[in-house]
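Working notes for the structure below.
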Amino acid sequence: MSRNATNQLLQKAKKSKSDEFYTQLCDIERELQHYPDCFVGKVVYCNCDDPRISNFFRFFAMHFHEMGLKKLIASCYKEDVNDLFLCKEAEKGFWCEYNGEDGDHFNPANIRIRYFKGNGDFRSSESIQLLEQADVVVTNPPFSLFREFVAQIVRHNKQFLIIGNVNAITYKEIFDLIQKGKAWLGVNLGRGISGFIVPNDYKQYGTEVSMNSEGQKIIATNGCLWLTNLELEQRHEDIKLTKVYRGNESIYPKYDNCEGININKTQDIPCDFSGLMGVPITFLHKYNPEQFEIVRFRKGDDGKDLRINGKSPYFRILVRNKRIVNRGQMKSQTQTLDAN
């Protein structure tokens with residue numbers, strides 16, 4: 001299945017509010033290895049996770065002492081169902097906490113489930129009370145509620161590491177956080193997230209759906225990312241620029257409504273251009289705030305979408321190379337001093 005087709009499935013799930021995409025343990029392990037000291041002494045809250053089956057809960061419980069956690073909390077939403085044959089507890093959301101009581105040998109059989117009075121929605125007062133106890137939120141939130149989920153975490157001033165659709169970058173609220181340095185992309189993006197566990201009755205599409213060793217159905221996608229505000233060494237590494245603008249101007253068309261040039265791939269950013277450059281949204285995966293300044297998203301000088309020969313390229317972020325600008329300013333200041 002093509003990338004576009006897979007992304008369409010995720011968007012379809014988002015619109016229908018069918019958010020039953022569960023994260024694989026291998027993908028959690030692949031990402032969490034990059035945050036070795038971020039969880040020491042912390043209370044971790046997985047607030048969209050059934051602790052009996054969640055791989056997020058399983059990962060943190062298994063590595064509780066190794067990571068130096070203080071406490072692990074997980075809570076699960078239970079959809080309201082009007083069924084006279086269901087017991088009252090079956091209609092309630094539930095949660096649990098784990099304090100590493102199994103030592104280095106986590107036993108899921110020892111999980112003590114506690115029931116909410118309500119359905120356990122992450123927006124409920126009961127769930128928020130648990131959130132207030134936490135230091136870090138780590139989960140795969142419902143794609144259909146991603147904006148609201150992030151807004152709640154930010155409002156409560158929590159650290160977070162969560163999975164979302166790549167297009168979440170284009171949401172005004174999320175882009176603003178990235179531009180202000182309050183959030184950034186994690187290490188793995190696209191194919192770095194190998195796939196999600198879906199219900200067995202999920203409609204199968206092409207070769208992008210497979211079964212894992214545990215008999216679970218997996219849908220692969222290259223349209224997702226990790227969003228976080230946990231510190232990462234990688235985000236302070238410069239993008240290596242190997243292309244040159246001078247002499248290759250024809251490769252970099254200028255916008256109709258902005259004094260800037262268009263760039264289709266991050267790897268094509270020239271090392272000698274100091275003006276505005278429109279780069280693809282995946283640039284944010286390699287973005288170093290010390291190297292580049294994010295100026296704005298999508299819009300030209302006239303407030304309308306960026307255009308080249310009357311046509312708008314797919315979402316572009318206008319950036320400027322701070323290293324070249326600063327170098328130019330220093331050179332100008334030196335010349336002024338020499339002249340005086």
Task: Pairs touching residues 54-77 that satisfy salt bridge (Lys or Arg N to Asp or Glu O under 4.0 Å), sequence neighbours left out - done: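 Sorted pair list: K71-E97.
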Open item on the list: Show every salt bridge (Lys or Arg N to Asp or Glu O under 4.0 Å) that has at least one partner inside residues 306-317, sequence neighbours left out.
Closed with: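 Found D302-R307.
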Open item on the list: Could you go through K42 and D37, starting from their C-alpha distance and side-chain angles, then the distance that decides it, and tell me whether this counts as salt bridge (charged side-chain N to carboxylate O under 4.0 Å, His left out)?
Closed with: CA-CA 10 Å; K42 300 290 182 66; D37 302 317; over 6 Å; no
Distance, nearest 0.5 Å, that separates [atom1] of [X] from [atom2] of [Y]:
X: F39; Y: L230; atom1: CZ; atom2: CG; result: 5.0 Å
X: C258; Y: D301; atom1: SG; atom2: CG; result: 4.5 Å
X: Q24; Y: I197; atom1: CD; atom2: CD1; result: 5.5 Å
X: C76; Y: N47; atom1: SG; atom2: CG; result: 11.0 Å
X: Y255; Y: M277; atom1: OH; atom2: CE; result: 10.5 Å
X: F56; Y: C46; atom1: CZ; atom2: SG; result: 7.0 Å

TODO: Could you note down all residue pairs passing side-chain hydrogen bond (donor to acceptor under 3.5 Å, both in side chains) where residues 124-143 supplies at least one of them, sequence neighbours left out?
DONE: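 Found T23-N140, Y45-S127, D49-T139.
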Hey, does [Y] have a side-chain heavy atom less than 4.5 Å from the side chain of [X]?
X: F146; Y: P141; value: yes
X: N288; Y: I239; value: no
X: T228; Y: W184; value: yes
X: L318; Y: L306; value: yes
X: I317; Y: I294; value: yes
X: H236; Y: E290; value: yes
X: I73; Y: V43; value: yes
X: P313; Y: N262; value: yes

N/O donor-acceptor pair under 3.5 Å between [X] side chain and [Y] backbone:
X: Q179; Y: L177; answer: no
X: H34; Y: L232; answer: no
X: R147; Y: V150; answer: no
X: T170; Y: N167; answer: yes
X: Q152; Y: F122; answer: yes
X: N165; Y: C224; answer: no
X: D27; Y: S194; answer: yes
X: N188; Y: I193; answer: no

Open item on the list: Holding to salt bridge (Lys or Arg N to Asp or Glu O under 4.0 Å), I want the full list of residues that pass it with E29, two or more places apart in sequence or in another chain.
Closed with: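 Per chain and number, E29 pairs via salt bridge (Lys or Arg N to Asp or Glu O under 4.0 Å) with no residue.
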- [ ] For K243, check salt bridge (Lys or Arg N to Asp or Glu O under 4.0 Å) against everything at least two apart and list the hits.
- [x]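 K243 satisfies salt bridge (Lys or Arg N to Asp or Glu O under 4.0 Å) with D268 only.
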Are [X] and [Y] near enough that their ring centres are under 6.0 Å apart?
X: Y98; Y: F60; answer: no
X: Y252; Y: Y245; answer: yes
X: F283; Y: F292; answer: yes
X: F116; Y: F94; answer: no

Single-linkage hydrophobic cluster, 4.5 Å side-chain cutoff, [X] and [Y] together:
X: I53; Y: L25; answer: no
X: L276; Y: F315; answer: no
X: V279; Y: I308; answer: no
X: I128; Y: V44; answer: no

Open item on the list: I'd like to know whether N321 forms a side-chain contact (heavy atoms from CB on, under 4.5 Å) with L241, so could you lay out the CA-CA distance, the side-chain angles of the two residues, the decisive distance to 0.1 Å, and finally the verdict.
Closed with: CA-CA 11 Å; N321 190 324; L241 307 179; 3.5 Å; yes
Closest heavy-atom contact between [X] and [Y]?
X: K265; Y: I263; result: O-CG2, 3.1 Å
X: I111; Y: C96; result: CG2-SG, 3.7 Å
X: I174; Y: A168; result: CB-O, 3.2 Å
X: G310; Y: D256; result: N-OD2, 2.6 Å
X: I281; Y: I169; result: O-CD1, 3.9 Å
X: A61; Y: L72; result: N-CD2, 3.6 Å

Task: Q33, CD: over 12 other non-hydrogen atoms inside 6.0 angstrom - done: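 For Q33, atom CD is crowded (more than 12 foreign heavy atoms under 6.0 Å).
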Open item on the list: Check this for me: R246, atom CZ, are more than 12 non-hydrogen atoms of other residues, nucleotides or ligands nearer than 6.0 Å?
Closed with: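 Counting other residues, nucleotides and ligands, CZ of R246 stays at 12 neighbours or fewer.
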[X] and [Y]: side chain donor to acceptor below 3.5 Å:
X: H285; Y: Q234; value: no
X: Q291; Y: Y287; value: no
X: N229; Y: Q159; value: no

Open item on the list: Through direct or indirect side-chain contacts below 4.5 angstrom among Ile, Leu, Val, Met, Phe, Trp and Tyr, which residues connect to V40?
Closed with: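 None; V40 is a cluster of one.
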- [ ] Salt-bridge test for K180 and D176: reply yes if a basic N is under 4.0 Å from a carboxylate O, no otherwise.
- [x]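 Between D176 and K180 there is no salt bridge, as every charged N stays at least 4.0 Å from the carboxylate O atoms.
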Task: Test: K322 and E293 ion pair at under 4.0 Å - done: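 No, this pair does not count.
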Open item on the list: Please evaluate residues V138 and F160 with respect to the criterion side-chain contact (heavy atoms from CB on, under 4.5 Å), reporting the C-alpha separation (whole Å), side-chain torsions for both, the decisive distance (0.1 Å), and the verdict.
Closed with: CA-CA 6 Å; V138 185; F160 60 88; over 6 Å; no
Task: From CA spacing to verdict: side-chain contact (heavy atoms from CB on, under 4.5 Å), K240, I269 - done: CA-CA 9 Å; K240 294 181 180 179; I269 295 175; over 6 Å; no
Task: Ring geometry between H63 and F59 (parallel below 30°, tilted from 30 to 60°, perpendicular above 60°) - done: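 Ring orientation of F59 relative to H63: tilted.
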Task: side-chain contact (heavy atoms from CB on, under 4.5 Å) between V187 and W226, intermediate numbers included - done: CA-CA 7 Å; V187 174; W226 291 88; over 6 Å; no
